[in-house]
Amino acid sequence: MALIKSISGIRGTIGGRTGDTLNPLDIVKFTTAYATFIKRKAPLSPPEGGRIVVGRDGRISGPMVRDIVCGTLVGMGYEVVDIGLATTPTTELAVRWHEADGGIIITASHNPTQWNALKLLNSEGEFLTAADGAEVLRIAEAEDFDYAPVEQLGRVIFDDTMNRRHVESVLQLRLADVEAIRKRHFRVCADTINSVGGIILPQLFEALGASCEILNGECNGHFAHNPEPLEKNLQGIMQRMRQGGFDLGVVVDPDVDRLAFICEDGTMFGEEYTLVAVADYVLEKEKLRNGGDGMLTTVSNLSSTRALRDVTEKYGGQYAAAAVGEVNVTTKMKQVGAVIGGEGNGGVIYPESHYGRDALVGIALFLSSLAQKGCTASELRRTFPDYQIAKNRIDLTPETDVDAILVKVKEMFAKDPQATVNDIDGVKIDFPDCWVHLRKSNTEPIIRVYSEALSMEQADELGKRLMQVVYDMQTA
């Protein structure tokens, strides 16, 4: 498996031949390139500046990667704040709390155990922009960097308080109704997939007065199942929920920025509907707070469910779409002043906390909604539109001009009076009762085809109809 280099960092599998995987040589090179980039933006040295936060998830390779990253940053003259085992949102917040110049998160998110990655943050604790990420890749490719002289080497300091502070910050959110949650005495079952969720979620539930049973709670990196929080991977916790005794099932990925819920009867709430439910609660409260005045705005990426738009418009608000990718969503949120946003993969971004996907924030706001409404998770789910998303792909030859194909698709449907076309990220075609989104992969010669309708059959049929359009173009 080749090393994958993108604007947000690098990722790959651990072990194997140099150049094909995420190996110590590449870790040093890309950490150095990132530190060089940060130094050019903030050219100070300790104690006046030059501080970078490092956190990691529970992966087996985590200690090895951390040691290399921290040692490299010391060699660049930085003060390194090692916060240890920490979620992605915890690390993002820690950058701000430590007034650091940046941060590195050692995590491969939902990828299997043999993967790891370096995710790169700016001084706001947010992912680098496309331009900044491209500059880091340029520096790495050119090896355009120098290390600090021996008298100016940095140091590593340790801070194991960030998990506690993260929990405390969630409890202090204006719309986190901690009192109402505690009065409900929720019984929760959580699958933390043998990573950092097993450390921080018990602290959160205890603070919220909820009893909790943790599945796969040992933070050892030996994932008990595929760590992506999709229904096909969650049969264990779904079965445990069907046995009864719980109000809610909670599932996170290894770095705890994605969040999925399971209803009290063992059925999936729907990962796409994590953001929808939290947004519904936030919009309702903000509308009441504003006395109905002012436009409330939400944002998600183009491949996320239309239900967020429906819920937003129910409160008289306005929905805006962003290109796929967390940094694109947060950029759009800032542009339109969104009160809530995120991605349909269970990523909740609540600006009052920070501009990053945060499962802890999502849990607190979701439980607040359940507590105030006095309903069950399944009852809450039935209050939302019920859309279904089908995911397909078109395999292409390496020489295929994908951009030309997408332009032709756009031109074809631009003439359809029933269709609205958006081309900020591939081509998305909105129809009155459904949509389809085609976007090319950045890593392989394929077009991803996502489609949504009121039934899975309709969604799949729409997606395959567009796939046939592309096939016909190729043979024309």
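- With hydrogens and angles left out, the side-chain atoms of Asp57 and Thr107 include a donor and acceptor closer than 3.5 Å.
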For residues 257-268, tabulate all N or O donor-acceptor pairs below 3.5 Å that involve a side-chain atom, not counting sequence neighbours.
from	atom 1	to	atom 2	distance (Å)
Asp257	OD2	Arg357	NH2	2.8
Arg258	NE	Glu271	OE2	3.3
Arg258	NE	Asn345	O	3.0
Arg258	NH1	His110	ND1	3.3
Arg258	NH1	Glu228	OE2	3.4
Arg258	NH2	Glu228	OE2	3.4
Arg258	NH2	Glu271	OE1	3.4
Arg258	NH2	Glu271	OE2	2.9
Glu264	OE1	Ala377	N	3.4
Glu264	OE1	Ser378	N	3.2
Glu264	OE2	Ser378	OG	2.4
Asp265	OD1	Thr267	N	3.1
Asp265	OD1	Thr267	OG1	2.7

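- Between the OH atom in Tyr450 and the NZ atom in Lys428 there is a gap of 12.5 Å [rounded to 0.5 Å].
- Nearest heavy atom pair, residue Ile193 against residue Asp253, reads CG2-C, 3.9 Å.
- Applying the side chain to side chain donor-acceptor pair (under 3.5 Å) test to residues at least two apart or on different chains, the pairs with a partner in residues 379-389 are Asp310-Tyr387, Thr376-Glu379, Arg381-Asp386, Asp386-Gln388.
- To the nearest 0.5 Å, atom CE of residue Met412 and atom CG of residue Asp472 are 8.0 Å apart.
- Side-chain N or O atoms of Tyr34 include one that pairs as donor or acceptor with a backbone N or O of Leu121 at under 3.5 Å.
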- Tell me, with the steps shown, if Thr21 and Thr13 meet side chain to side chain donor-acceptor pair (under 3.5 Å). CA-CA 5 Å; Thr21 61; Thr13 55; 5.3 Å; no
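- Looking at Gln372 and Asp177, their side chains come closer than 4.5 Å, going by heavy atoms from C-beta outward.
- With values rounded to the nearest 0.5 angstrom, Phe246 atom CZ is found 14.5 Å from Phe186 atom CZ.
- Aromatic rings from Phe366 and Phe269 are positioned such that their centres are separated by under 6.0 Å.
- A heavy-atom distance below 4.5 Å is found between the side chains of Met241 and Cys189.
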- Go through Ser300 and Leu275 one step at a time and tell me if the side chain to side chain contact (heavy atoms under 4.5 Å, CB included) criterion holds. CA-CA 9 Å; Ser300 66; Leu275 174 59; 4.1 Å; yes
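- With hydrogens and angles ignored, the 3.5 Å screen pairs a side-chain donor or acceptor of Lys287 with a backbone N or O of Tyr315.
- Of the possible donor and acceptor atoms, one in the side chain of Asn194 sits under 3.5 Å from a partner among the backbone N and O of Ala224.
- Donor-acceptor pairing under 3.5 Å is recorded for the side chains of Asn116 and Ser61.
- Considering only heavy atoms from C-beta on, Ile105 comes within 4.5 Å of Glu92 through its side chain.
- The existence of a salt bridge linking Asp430 and Arg309 is excluded, since no basic side-chain nitrogen approaches an acidic carboxylate oxygen closer than 4.0 Å.
- No donor-acceptor contact under 3.5 angstrom links the side chains of Asn328 and Thr331, judged on distance only.
- Here Glu141 does not pair with Arg138 in a salt bridge; the nearest charged N to carboxylate O distance is not below 4.0 Å.
- The shortest heavy-atom contact between Leu173 and Ser353 is CD2-CB, 4.0 Å.
- Checking Asp247, Leu248, Val178, Val250 one by one against Leu367, the side-chain contact (heavy atoms from CB on, under 4.5 Å) holds for a single residue, Leu248.
- Here the side chains of Thr31 and Ile104 are in contact, with some heavy-atom distance below 4.5 Å.
- Residues Thr91 and Thr88 have side chains that never bring a donor and an acceptor to within less than 3.5 angstrom of each other.
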- Query: salt bridge (charged side-chain N to carboxylate O under 4.0 Å, His left out) between Glu286 and Arg174: does it pass, once the steps are laid out?
  - Reply: CA-CA 11 Å; Glu286 292 296 346; Arg174 180 169 44 85; 2.8 Å; yes
- Message: Test side chain to side chain donor-acceptor pair (under 3.5 Å) on Thr305 and Glu452; report intermediate values, then the result.
- Response: CA-CA 7 Å; Thr305 179; Glu452 182 178 66; 2.6 Å; yes
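- Salt-bridge formation is not detected for the pair Lys119/Glu326: no Lys NZ or Arg NE/NH1/NH2 atom is positioned less than 4.0 Å from an Asp or Glu carboxylate oxygen.
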- Message: Would Ile363 and Phe205 count as a side chain to side chain contact (heavy atoms under 4.5 Å, CB included) here? Give the steps.
- Response: CA-CA 9 Å; Ile363 290 168; Phe205 290 127; 3.8 Å; yes
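- Proximity of a side-chain donor or acceptor of Tyr355 to a complementary backbone N or O of Met333 within less than 3.5 Å is not detected.
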- For the pair Arg393 and Val449, evaluate side chain to side chain contact (heavy atoms under 4.5 Å, CB included) and give the outcome as yes or no after the intermediate values. CA-CA 5 Å; Arg393 57 184 276 173; Val449 183; over 6 Å; no
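- Asn122 is not listed as a side-chain neighbour of Phe127, based on a closest heavy-atom distance of 4.5 Å or more.
- Here the options are Lys314, Arg289, Lys373, the test is salt bridge (Lys or Arg N to Asp or Glu O under 4.0 Å), and the partner is Glu284; only Lys373 passes.
- Checking Ser455 against Gln458 by side-chain atom types alone, a donor-acceptor pair falls below 3.5 Å.
- Of the possible polar contacts, none joining the Thr297 side chain to the Ala338 backbone as a donor-acceptor pair under 3.5 Å is found.
- Pairs passing the salt bridge (charged side-chain N to carboxylate O under 4.0 Å, His left out) check and including a residue from residues 105-115, sequence neighbours excluded, do not occur.
- Atom NZ of Lys29 has more than 12 neighbouring heavy atoms from other residues, nucleotides or ligands inside a 6.0 Å radius.
- By the 4.5 Å heavy-atom criterion applied to side chains, Leu85 and Cys219 are counted as neighbours.
- Formation of a donor-acceptor pair under 3.5 Å by the Thr192 side chain with backbone atoms of Gly197 is not found in this model.
- Scanning both residues, Ile340 and Ile349, for their nearest heavy atoms gives CD1-O, 3.6 Å.
- Checked for salt-bridge contact, Asp403 and Lys440 meet the test: a charged N lies under 4.0 Å from a carboxylate O.
- Counting heavy atoms from C-beta on, the side chains of Pro89 and Val361 never come closer than 4.5 Å.
- A salt bridge links Lys334 with Glu126: at least one charged nitrogen is closer than 4.0 Å to a carboxylate oxygen.
- To the nearest 0.5 Å, the span separating CG on Leu230 from NE2 on His225 amounts to 10.5 Å.
- A salt bridge between Lys464 and Glu461 is absent, with no side-chain N of the basic residue lying under 4.0 Å from a carboxylate O of the acidic one.
- Taking CG from Asn422 and CD1 from Ile424, the interatomic distance works out to 4.5 Å, rounded to the nearest 0.5 Å.
- Checking Asp425 against His437 by side-chain atom types alone, no donor-acceptor pair falls below 3.5 Å.
- The pair Arg240-Asp191 fails the salt-bridge criterion, with no side-chain N (NZ, NE, NH1 or NH2) lying under 4.0 Å from an Asp/Glu carboxylate O.
- The shortest side-chain heavy-atom distance between Tyr281 and Leu175 falls under the 4.5 Å cut-off.
- Thr36 OG1 to Glu135 CD: the interatomic distance, rounded to the nearest 0.5 Å, is 10.0 Å.
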